[in-house]
Amino acid sequence: MENTSYDIRQLNEKIHQASAFVDLLNLEINKVIVGQKYMVERLMIGLLAQGHVLLEGVPGLAKTLSIKSLSSAINARFSRIQFTPDLLPADVVGTMIYNQQRNEFMVRKGPIFANFILADEINRAPAKVQSALLEAMQEKQVTIGDTTFKLEEPFLVLATQNPIEQEGTYTLPEAQVDRFMLKVVIGYPTKEEERHIIRQNLQPEGQAKVQPVVDPQEILHARKLVREVYMDEKIEKYIIDVVFATRNPDEYKLGKLKPLIAYGGSPRASINLALASKAYAFMKRRGYVIPEDVRSVCFDVMRHRVGLTYEAEAENVTSENILSEILNAVEVP
Amino acid sequence: MRLKEKIFVFALLGCLWTTSPLMAQEQYQDYFQVKAIPDTTQIRIGEAVKISVTAKVMIYALKGAQIKVVFPNLPDSLNHLEIVERTPLDTIGSDANQKVWKQTITLTSFDSGRWELPPMKFEVFSVTDGSYDSVFTDPIFIDVNTVAVDTTKAFKPIKPLRSVAWNILDYWPYLLAALVLAVLIVFYFVFWRKRKPQTPPAPPKPSKPPYQLAMEQLEQLGKDKPWNTDVKSYYTQLTDILRQYFEQQFHIAALEQTSAELLQNIKPVTILNQQRDKLQAILVVADLAKFAKMQPSPQEHEDCLQKAIAIVEWTKATAMPANNPADNSTNQ
């Protein structure tokens with residue numbers, strides 16, 4: 001095959017080389033994480049596409065361990081914030097404290113000053129704390145007193161939500177959920193995986209330790225390359241079609257979905273779908289995006305961006321059902 | 001003062017008297033009468049007193065003059081008396097000789113004692129010459145008594161609720177609504193449900209069998225050789241022809257599936273799965289051409305076209321049953 005003026009082959013090779021660390025990272029994380037390949041893959045997409053991840057799953061599915069392992073494998077700083085109803089914004093971002101010896105106020109930075117943040121059970125804290133975190137996620141900077149501090153890159157927030165025990169929680173508003181690039185719903189491991197988990201946890205020498213195999217600088221370099229991944233206009237059109245089908249389903253012969261959808265994906269959904277597709281292609285060590293990439297990340301990018309009507313909820317229709325219908329109706333390029 | 005002077009002064013005063021409003025009042029009082037008559041002057045606390053207020057004008061005395069009568073504007077509450085209701089002005093009793101206005105005012109009082117309803121002021125106003133007069137009713141005294149309680153007797157409990165006999169007329173609005181609803185339901189079942197649902201028009205049958213259509217399109221593609229001008233368009237057309245053929249012939253939603261999904265979903269269709277390698281080769285090259293701006297060699301263009309023709313030819317046995325072309329859409 002010959003190349004066109006746009007040197008895809010060169011880009012492909014460059015990406016093939018640069019993405020080698022993905023396999024290394026996976027190998028290292030798999031030392032301690034059994035199963036949950038899907039979740040780890042999504043964390044990597046978030047990491048490479050500079051998007052934050054909202055995880056929904058019952059407790060005990062290795063959410064904390066996964067992000068901790070990812071952080072250790074990248075040699076980055078990790079911090080965990082357990083969200084509770086009495087948490088204050090200052091507990092997250094930091095505050096000014098008075099130093100009696102020096103007779104001055106000093107900045108005490110909060111746990112948000114790390115590369116990887118696990119915001120555990122984000123819906124348990126009041127709105128002001130949630131918005132403090134979400135603002136930091138968006139702006140990648142925090143202001144304490146009169147001083148603004150840039151957050152260190154790479155900066156990835158993994159927030160978790162428990163799908164059960166909704167009593168006494170503060171549901172994230174749609175506008176704030178939209179700031180998460182991905183919403184990943186994780187399930188239980190298979191029987192075989194669970195057997196491995198038991199054995200791994202009960203072995204006499206204890207759990208394996210994750211060693212740093214990637215430098216944060218490599219991640220930053222990879223992020224730049226992710227944006228260079230070639231996306232053909234046919235793929236762009238496909239992404240736009242999928243997002244528009246959530247807004248105007250009747251234009252795609254999906255009129256039956258219209259009463260089920262309260263609101264469709266925003267332009268941010270299109271941006272994130274394109275970016276996540278590029279990151280997925282990068283992880284598959286390709287320099288170009290194919291429709292499979294879009295479909296692979298579509299559910300995670302779109303599920304929290306499609307609002308359901310009361311009618312849909314009454315009929316137990318989920319956003320996943322709607323997205324499936326859309327993907328089965330929109331023509332693949 | 002001399003007698004002449006006295007006569008002159010009295011004559012002058014007499015003239016003034018006859019032209020003064022006082023004289024006019026005297027004149028009005030002749031033909032304008034007002035009355036306020038209570039139906040009772042003894043009530044118990046909270047009971048009503050109806051006062052019939054009447055104003056009467058003798059038309060013969062007006063001599064063509066037009067007058068307006070203004071009824072007293074009583075406040076809602078006055079001197080321990082409360083006005084409960086005022087009826088509109090009524091002109092029953094008017095005839096050619098007199099004009100009558102009537103109003104009934106209902107009063108009550110919640111304070112025991114003897115209370116006075118002060119005289120009510122009626123004003124009569126002449127439209128013709130602008131003169132006016134006021135006429136007053138007599139005051140009314142109303143005795144408001146308390147209920148006599150015999151404190152020497154024992155207290156008795158409050159009487160229980162009295163049940164009222166059920167009367168069908170009390171429920172007529174509800175019965176009417178139920179009847180209308182029942183009629184509507186019957187109407188719905190009798191007329192509406194009998195209407196046949198509008199079935200969507202059946203999709204038009206392809207004018208040609210899928211096999212024939214696919215072969216013609218592929219042959220045309222081979223003749224046009226669009227790869228000479230637009231490689232991406234060529235591979236898009238090539239894969240679209242194959243996907244449409246799979247969709248029409250094998251009922252696989254190939255147009256909405258990615259290459260990997262399509263390769264996965266042809267597995268149950270044995271005859272198609274036998275051509276899997278060829279299809280995979282076409283899809284891989286086509287994806288690279290479509291999404292990665294790769295330009296396959298001219299040999300690869302021809303090769304992909306021949307592979308596509310071979311796939312359609314291979315599935316010909318299923319696509320074209322010997323005697324019954326109508327069954328072309330039979331799935332595997």
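Just so you know, these numbers come straight off a predicted model, no measurement behind them. Residue numbers start from 1 in every chain, and the chains themselves are labelled A, B, ... in the order their sequence lines are given, proteins ahead of strands.
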**Study point:** Interatomic distance, B:E256 atom CD to A:R295 atom CZ [nearest 0.5 angstrom]
**Key:**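 These two atoms lie 8.5 Å from each other.
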Exercise for review: To the nearest 0.5 angstrom, please state how far the CG atom of A:L11 sits from the NZ atom of B:K293.
Suggested key: 12.0 Å
Around atom [atom1] of [X], are there more than 12 heavy atoms of other residues, nucleotides or ligands at under 6.0 Å?
X      : atom1 : answer
B:L176 : CG    : yes
B:W166 : CH2   : yes
B:N228 : CG    : yes
A:Y252 : OH    : yes
A:Y38  : OH    : yes

Revision key, fill the gap. For A:E292 and B:T258, the nearest pair of non-hydrogen atoms, with its separation, is OE2-OG1, 3.1 Å
**Study point:** Residue from A:M231, A:K234, A:E233 passing side chain to side chain contact (heavy atoms under 4.5 Å, CB included) with B:F291
**Key:**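 Result for side chain to side chain contact (heavy atoms under 4.5 Å, CB included) with B:F291: A:K234.
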Check your understanding: Residue by residue, which of residues 275-283 of chain B have a heavy atom closer than 4.5 Å to a heavy atom belonging to chain A?
Key ->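 When heavy atoms of chain A are the reference, residues 275-283 of chain B contributes no residue within the under-4.5 Å range.
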Which answer fits [X], side chain, backbone, both or neither, if we ask what part of it has an atom under 4.5 Å from a heavy atom of chain A?
X      : value
B:E261 : both
B:T239 : neither
B:A253 : neither

